[in-house]
Amino acid sequence: MKIDFQHRQFAHCESGVTANLLNHHGFPCSEAMAFGIGGGLFFGYVPFVKLNFLPLTTFRTGPGAIFKKATRRLGIEVRKQTFRNPAEAECELDRVLEAGIPVGAQTGVFWLPFFPPAYRFHFNGHNLVVIGKEGDDYLISDPIFEEIVRCPAVDLRKARFAKGALAPKGKIYYIEKMPNQFDLPQAIKTGIREVCRVMLKTPVPLAGVRGIRLLSRQLRKWPNKLGEKKTILHLGHIIRMQEEIGTGGGGFRFIYAAFLQEAAETLSNDKLSALSDRCTEIGDLWRDFALIASRVCRGRATVQDSFDDLADLLQQCADREETFFLDLQTALAK
Amino acid sequence: MKKKDVPQQGGLNAGCREINYAVDDDGHYTLESSVGWEAKNIALRQAWEEIIDQLHRVLDEVRAGAKSPLAYHMVKNQMNPILLARYSGIARWRVKRHFKPAVFAKLKQSDLQPYADLFKISVEELKQVPEKPDLSIEEIDPSGGSA
């Protein structure tokens with residue numbers, strides 16, 4: 001059994017899943033649009049939460065948020081379920097598939113055999129769409145991959161019940177009912193306003209522009225505080241969070257710029273296309289940061305000298321993003 | 001990022017292409033396929049080197065009789081005692097006790113089975129450790145780190 005589903009490869013798992021599901025249900029949608037409406041852009045540096053034993057640095061909102069917000073803002077009815085019992089979770093998945101509905105699922109990455117070995121870490125915030133079952137294999141549209149992939153049922157079960165941080169608990173989600181008409185401009189505006197708010201007006205110093213500044217300050221101290229080896233591991237971790245599969249480059253800043261370009265057209269707002277260009281420049285700045293950081297990791301640049309440069313670069317990212325989001329806010333303010 | 005600047009530096013992803021967002025000559029965003037980027041390859045390779053380093057250290061401890069083979073298999077699966085306890089369904093204090101070689105040696109088949117199932121190996125394999133870490137950067141990175 002296989003649902004006729006148009007698989008499109010995208011940069012990021014959750015916004016890709018959202019876009020592909022919306023597309024399947026008759027709402028043509030790009031990944032960037034899903035990401036933007038869902039308010040996916042973020043920055044957070046949370047030193048006391050560890051991922052692979054290193055401080056959590058994130059460039060996006062938490063797992064599930066993009067799908068949830070994007071569908072809510074478009075007035076789409078969705079159903080979401082989590083499970084305690086893996087067998088029950090599998091039955092329910094089969095039942096929905098049997099009804100001809102493609103099912104989004106949150107999984108861990110470590111247990112998915114179709115991932116290249118180099119990417120298999122204990123990261124539980126991955127999303128994919130199950131589109132069919134043949135024998136003991138599930139057919140999966142994973143937006144990260146070029147083609148539709150197969151996954152044995154036992155492995156998918158393990159992945160859906162991965163343990164540790166962000167444990168998916170067998171979570172599945174699917175679209176139940178599409179509205180008769182969409183208010184796309186309103187959804188876009190709500191999405192943009194939310195991102196501006198979290199980036200600029202967060203009450204905690206770990207998130208948004210303040211989070212970037214915090215990271216910059218801490219980074220300056222790393223070489224003395226942690227020693228060379230640990231410092232390099234910390235730095236490598238940031239590069240991976242920023243650039244590894246799923247971000248579209250520059251810590252999602254390029255996807256967001258693509259979204260603003262689309263939004264400019266939908267809202268006929270020229271200011272947004274100028275802001276899109278600025279967002280691209282910010283993304284480029286993050287890329288510079290990653291490149292220099294990777295040279296430090298490789299030992300091509302000395303740790304002590306480069307750390308001030310790196311911290312300055314982050315400071316610059318923070319300043320640029322602050323004015324960018326302020327202008328973005330005013331661009332919508334009429 | 002400009003379309004012409006989309007990096008094509010292959011590395012650990014074994015030819016798996018991913019999407020990058022880039023601007024074309026007319027200033028429009030397009031989705032471009034990329035085989036990888038040096039900065040990322042370095043960071044990813046470094047993460048694996050760290051795991052392999054840990055494997056060497058734990059292997060030395062197992063050989064010195066300070067830890068049981070279970071500790072080695074745990075590290076190989078990138079787990080810590082907390083995660084291992086969650087996955088195996090065995091209480092954390094018991095998992096930690098099982099790292100003691102003397103305790104581990106007395107465990108019954110039925111105690112070991114959950115660990116073996118989890119790691120997808122046999123109980124016999126669980127009781128042993130290899131000569132040198134059975135995970136190498138070459139296995140993960142067929143390109144040989146050319147990046």
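All of these numbers come straight from a predicted model, not from anything done at the bench. Chain A is the first sequence line, chain B the second, and so forth, proteins listed ahead of strands; every chain is numbered from 1.
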Please classify the contact between [X] and chain B as side chain, backbone, both or neither, with a heavy-atom cut-off of under 4.5 Å.
X	answer
Q9(A)	both
A167(A)	neither
A293(A)	neither
F121(A)	both

**Prompt:** Which of residues 114-125 of chain B have a heavy atom under 4.5 Å from any heavy atom of chain A?
**Reply:** D117(B), L118(B), K120(B)

**Complete:** For residues 81-111 of chain B against chain A, heavy atoms under 4.5 Å, the residues are L83(B), R86(B), Y87(B)

**Item:** Qualifying residue for side chain to side chain donor-acceptor pair (under 3.5 Å) with Y21(B), from E31(A), H12(A), R253(A)
**Value:** E31(A)

**Any donor-acceptor N/O pair, Q46(B) side chain to I232(A) backbone, under 3.5 Å** = yes

**Prompt:** For the side chain of N124(A) and the backbone of V109(A), is there at least one donor-acceptor N/O pair under 3.5 Å apart?
**Reply:** no

**Asked** For Q78(B), is it the side chain, the backbone, both or neither that has a heavy atom under 4.5 Å from a heavy atom of chain A?
**Response** both

**Which atoms of N77(B) approach chain A - backbone, side chain, both or neither, heavy atom under 4.5 Å** = both

Provide the closest heavy-atom pair for [X] versus [Y] in the form atom of the first, atom of the second, distance.
X	Y	answer
C13(A)	G125(A)	SG-O, 4.0 Å
F161(A)	R84(A)	CE2-O, 4.1 Å
C151(A)	I140(A)	CB-CD1, 3.6 Å

Please tabulate, for side-chain N and O atoms in residues 22-30 of chain B, each donor-acceptor pair with protein atoms closer than 3.5 Å (sequence neighbours left out).
from   : atom 1 : to      : atom 2 : distance (Å)
D24(B) : OD1    : D26(B)  : N      : 3.0
D24(B) : OD1    : G27(B)  : N      : 3.2
D24(B) : OD1    : H28(B)  : N      : 2.8
Y29(B) : OH     : T280(A) : OG1    : 2.7
T30(B) : OG1    : A22(B)  : O      : 3.3
T30(B) : OG1    : E32(B)  : OE2    : 3.2

Identify which of [options] forms the greatest number of heavy-atom pairs closer than 4.5 Å to chain B.
options	answer
G16(A), G283(A), A257(A)	A257(A)
S276(A), S294(A), P143(A)	S294(A)
A162(A), G250(A), A165(A), A32(A)	A162(A)
G164(A), G236(A), A258(A)	A258(A)

**Request:** Could you tell me whether R320(A) sits above the aromatic face of W286(A), with NZ or CZ closer than 6.0 angstrom to the six-membered ring centre and within 45 degrees of the axis?
**Result:** no

**Message:** For K158(A), is the NZ atom crowded, meaning more than 12 foreign heavy atoms sit under 6.0 Å from it?
**Reply:** yes

**Request:** Please check if atom NZ in K50(A) has more than 12 non-hydrogen atoms from other residues, nucleotides or ligands closer than 6.0 Å.
**Result:** yes

**Request:** Taking only Lys NZ, Arg NE, NH1 and NH2, and the carboxylate oxygens of Asp or Glu, determine whether R60(A) and E14(A) approach each other closer than 4.0 Å.
**Result:** yes

**Request:** Hey, could you give me the NZ/CZ distance between K67(B) and R57(B), rounded to the nearest 0.5 Å?
**Result:** 10.5 Å

**Prompt:** Quick check, are the ring centers of F145(A) and F114(A) under 6.0 angstrom apart?
**Reply:** yes

**Item:** By side chain to side chain donor-acceptor pair (under 3.5 Å) - contacts of Q8(B) (at least two apart)
**Value:** none

